[in-house]
**Q** 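Handing you a structure now.
These numbers come from a predicted model, not from an experiment. Position 1 is the first residue of the sequence, and the numbers go up from there.
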Amino acid sequence: MIAQIAFVLVLATGIFLFAKRIREIRRNIGIGRKEDRTDRSSERWKTMISVALGQSKMVKRPVSGFLHLLVYVGFVLINIEVLEIIIDGITGQHRIFAHLGLGAAYNFLIACFEVLALGVLVSCVIFLIRRNVLRIKRFHLKEMTSWPKSDANIILVAEIVLMFALFSMNATDSILQERAAELLSAGQALPESLSHYINAGSFPISSWLKPLYNGMSTEGLIATERFMWWFHIIGILAFLVYVPYSKHFHIIMAFPNTYYSKLEPKGQMTNMEAVTNEVKLMLDPSADPFAQPAPDPNAEPVKFGAKDVQDLTWKQLFDSYTCTECGRCSSVCPANQTGKILSPRKIMMDTRDRLEEVGKNLGADGKPQDDGKSLLHDYISEEELWACTTCNACTEACPVNIDPVGIIVDLRRHLIMEESKSPESITAMFNNMENNGAPWAFPAADRGKWIDELKLKTSDMAEMIKVPTMAEMVASGEVPEVLFWVGCSGSFDDRAKKITKALVRILHHCGVKFAVLGAEESCTGDPAKRAGNEFLFQMQAMQN
């Protein structure tokens, strides 16, 4: 009974500490702005089943993917045996599932758990070698300081030790079962200390350890088996408490995070409603600005972009706690690979670290208190932000669908629209777009020059292909089948113009009735959007 009480106290303490930490994380995530991610539920379930449960993105790198799959499957299924240990601890029984009449099925399950446990142990050893002997580059980038490195190694070593404890527990249990069976076959009564050790379970892996313990007395075996039993379950509870403070929290967070994944195309960025309303008002000649409803005097002033974690959405903060720190994002980032300061993994780690700091400094109303710091500048530098190409290679590579680009763009928006800060090259691009309708210093009148360069060569003559503008076709009462949007690169860049001309030749050859906008065409604003100038983007988009 004392052992049962002690077990219940240990179990309750572990669950309490875990729940306390979960409440803290939930509170911290709640600091973020609201965002609706409850739509398209069937698609979200499919994404979660494929990415989190099915590990579909992990196995794109076969070696690490297969090893991770072994650990993942082992972790999930071995928990069935952990459930048995917990019930045993509460009830004072031993291998309680064996008493349910499972027979050979129970032996098969225990054998499977042992094989999986061996897979977990071997995988963890290989992971340690990859990190500390082979020193794979993505595990040793500048953001992987002492704690992130130690965190990974602590968990791997802990899992190896826990698996050894499980094997030792089963090995001693197996020997004790054999000794109990020998006494019964000899017609002797079992002492109370051996009465628990009924013939149950199959131990194909832990039997390899039996030579280590065969020479021990029965009392010594019982003490060893009990020690390993307690060590194993306390180790698992300690793991439970530790995980929410570790990168390994993704074991839990991966499932809801993939459910709430961004379902739109990765390159699609959100529009800022406040900017949209303002630009519509500016461009609508019939709009009366004085007819707009008066702003709420008690409402918080509109912020453009994000300066600190409370300006990000709850989902972006959720992403930061889900980050596995695997470095796949940074290993495919073109900026990082060309020696620039940006590392998408560091963006997520910095966001999480800043959120933890803000979470410890909340006021009585649950709102963040000013501590003189911010995510932008104090954690993430401007140089890092401007190194990003917004190519979304990082979001494609992430095994749990994290989106670092969304955070980067929001921080850029603050720099541009609140602080009016950008590199000279970016500022020049904005000026060109405003004045010329293109990122480069080409006059808008030159957009159609490529048409003059276009010729169709026949066997006896060279004639100009007629490329009508939309204005010309409308003036003549015609309607084109296709409106060909040429774009800035297709109009001005020498290499891209070759593609434009080739497509026009194809349309002409196929007899397709098409038109272009010509000088009326202007930049889509996409470069401004990616750079964080939401106002300029929406001006361009609505004008087009």
**Q** Is the number of heavy atoms from other residues, nucleotides or ligands within 6.0 Å of CD (Glu383) greater than 12?
**A** no
**Q** Do Arg37 and Tyr259 meet the criterion of a side-chain donor-acceptor pair at a distance under 3.5 Å?
**A** no
**Q** Is the shortest side-chain heavy-atom distance between Tyr242 and Ile154 below 4.5 Å?
**A** yes
**Q** The criterion is side-chain hydrogen bond (donor to acceptor under 3.5 Å, both in side chains); which residues satisfy it with Thr224, sequence neighbours excluded?
**A** none
**Q** Are the charged groups of Lys529 and Asp526 less than 4.0 angstrom apart, N to O?
**A** no
**Q** What's the shortest heavy-atom distance between Lys247 and Ala152, and which atoms?
**A** CE-CB, 3.7 Å
**Q** Side-chain contact, heavy-atom cut-off 4.5 Å: Val120 with Leu70?
**A** no
**Q** With a 3.5 Å cut-off and no angle check, do the side chains of Asp173 and His94 form a donor-acceptor pair?
**A** yes
**Q** With a sphere of 6.0 Å drawn around NZ of Lys142, does it hold more than 12 non-hydrogen atoms of other residues, nucleotides or ligands?
**A** yes
**Q** Check whether any side-chain heavy atom of Lys210 sits under 4.5 Å from a side-chain heavy atom of Ser174, and report yes or no.
**A** yes
**Q** I'd like to know if the side chain of Ser246 and the backbone of His248 have a donor-acceptor N/O pair within less than 3.5 Å.
**A** yes
**Q** Could you grab the distance from atom CD1 of Ile426 to atom CZ of Arg412, nearest 0.5 Å is fine?
**A** 7.0 Å
**Q** So do the side chains of Leu355 and Ser320 get within less than 4.5 Å of each other, counting heavy atoms only?
**A** yes
**Q** Side chains of Asn153 and Asn132: any donor to acceptor distance under 3.5 Å?
**A** yes
**Q** Between Trp208 and Phe203, does a ring pair (Phe, Tyr, Trp, His ring centres under 6.0 Å) hold up when you go through it step by step?
**A** CA-CA 9 Å; Trp208 300 345; Phe203 311 104; over 10 Å; no
**Q** Tell me if a side-chain donor or acceptor on Gln4 pairs with a main-chain N or O of Ile90 at a distance below 3.5 Å.
**A** yes
**Q** Pair Arg40, Glu264 - check salt bridge (charged side-chain N to carboxylate O under 4.0 Å, His left out), show working.
**A** CA-CA 11 Å; Arg40 300 154 69 178; Glu264 293 77 19; 3.6 Å; yes
**Q** Give me the atom names and distance for the closest heavy-atom approach of Met272 to Gly305.
**A** CE-N, 3.6 Å
**Q** Is the closest side-chain donor-acceptor distance between Ser202 and Tyr106 under 3.5 Å?
**A** no
**Q** Checking side-chain hydrogen bond (donor to acceptor under 3.5 Å, both in side chains) for the pair Arg530/Thr390: CA distance, chi angles, key distance, verdict?
**A** CA-CA 7 Å; Arg530 294 177 182 277; Thr390 62; 3.0 Å; yes
**Q** Verify, without hydrogens or angle tests, whether Ser330 (side chain) and Gly327 (backbone) share a donor-acceptor contact under 3.5 angstrom.
**A** no
**Q** Show, in sequence, the C-alpha distance, side-chain angles and deciding distance for Arg44 and Asp39, and conclude whether the salt bridge (charged side-chain N to carboxylate O under 4.0 Å, His left out) test is met.
**A** CA-CA 8 Å; Arg44 295 190 179 280; Asp39 60 330; 2.8 Å; yes
**Q** Kindly give the heavy-atom pair with the smallest separation between Arg354 and Asp371, and that separation in Å.
**A** NH1-OD2, 2.9 Å
**Q** Can you tell me how far NZ of Lys303 sits from NE2 of His414, rounded to the nearest 0.5 angstrom?
**A** 8.5 Å
**Q** What's the shortest heavy-atom distance between Ser207 and Pro204, and which atoms?
**A** OG-O, 3.1 Å
**Q** Is the closest side-chain heavy-atom distance between Cys398 and Cys329 below 4.5 Å?
**A** no
**Q** Over all heavy atoms of both residues, which pair between Pro244 and Ile25 is shortest? Give the atoms and the distance, please.
**A** O-CD1, 3.7 Å
**Q** Quick one: does Glu419's side chain have a donor or acceptor within less than 3.5 Å of a partner on Ile416's backbone?
**A** no
**Q** Mind running side-chain hydrogen bond (donor to acceptor under 3.5 Å, both in side chains) on Ser374 and Asp308 for me, showing each step along the way?
**A** CA-CA 5 Å; Ser374 64; Asp308 212 344; 5.4 Å; no
**Q** For a 4.5 angstrom cut-off between non-hydrogen side-chain atoms, does Leu375 reach Lys307?
**A** no
**Q** Please tell me if the side chains of Glu159 and Val71 come closer than 4.5 Å, counting only heavy atoms from C-beta onward.
**A** yes
**Q** Verify, without hydrogens or angle tests, whether Ser331 (side chain) and Arg328 (backbone) share a donor-acceptor contact under 3.5 angstrom.
**A** yes
**Q** Verify, without hydrogens or angle tests, whether Ser381 (side chain) and His377 (backbone) share a donor-acceptor contact under 3.5 angstrom.
**A** no
**Q** Taking Tyr72 for the side chain and Leu53 for the main chain, is one N or O donor matched with an acceptor at less than 3.5 Å?
**A** yes
**Q** Should we say atom CZ of Arg226 is surrounded by more than 12 heavy atoms from elsewhere, each under 6.0 Å from it?
**A** yes
**Q** Identify the two heavy atoms, one from Glu114 and one from Ile205, that lie closest to each other, and give their separation to 0.1 Å.
**A** OE1-N, 2.9 Å
**Q** Is there a donor-acceptor pair under 3.5 Å between the side chain of Glu418 and the backbone N or O of Leu415?
**A** no
**Q** Counting C-beta onward and ignoring hydrogens, is there a side-chain heavy-atom pair between Arg95 and Gln177 closer than 4.5 Å?
**A** yes
**Q** According to the interplanar angle, ranging from 0 to 90°, do the rings of Trp314 and Phe318 count as parallel (below 30°), tilted (30 to 60°) or perpendicular (above 60°)?
**A** perpendicular
**Q** In Å, rounded to the nearest 0.5 Å, how long is the span from CZ of Phe249 to CD1 of Ile251?
**A** 10.0 Å
**Q** Passes ring pair (Phe, Tyr, Trp, His ring centres under 6.0 Å), Trp147 versus Tyr245? Steps please.
**A** CA-CA 11 Å; Trp147 166 244; Tyr245 295 91; 9.4 Å; no
**Q** Report the relative orientation of the aromatic rings in Phe75 and Phe239; use parallel for angles under 30°, tilted for 30 to 60°, perpendicular for over 60°.
**A** tilted
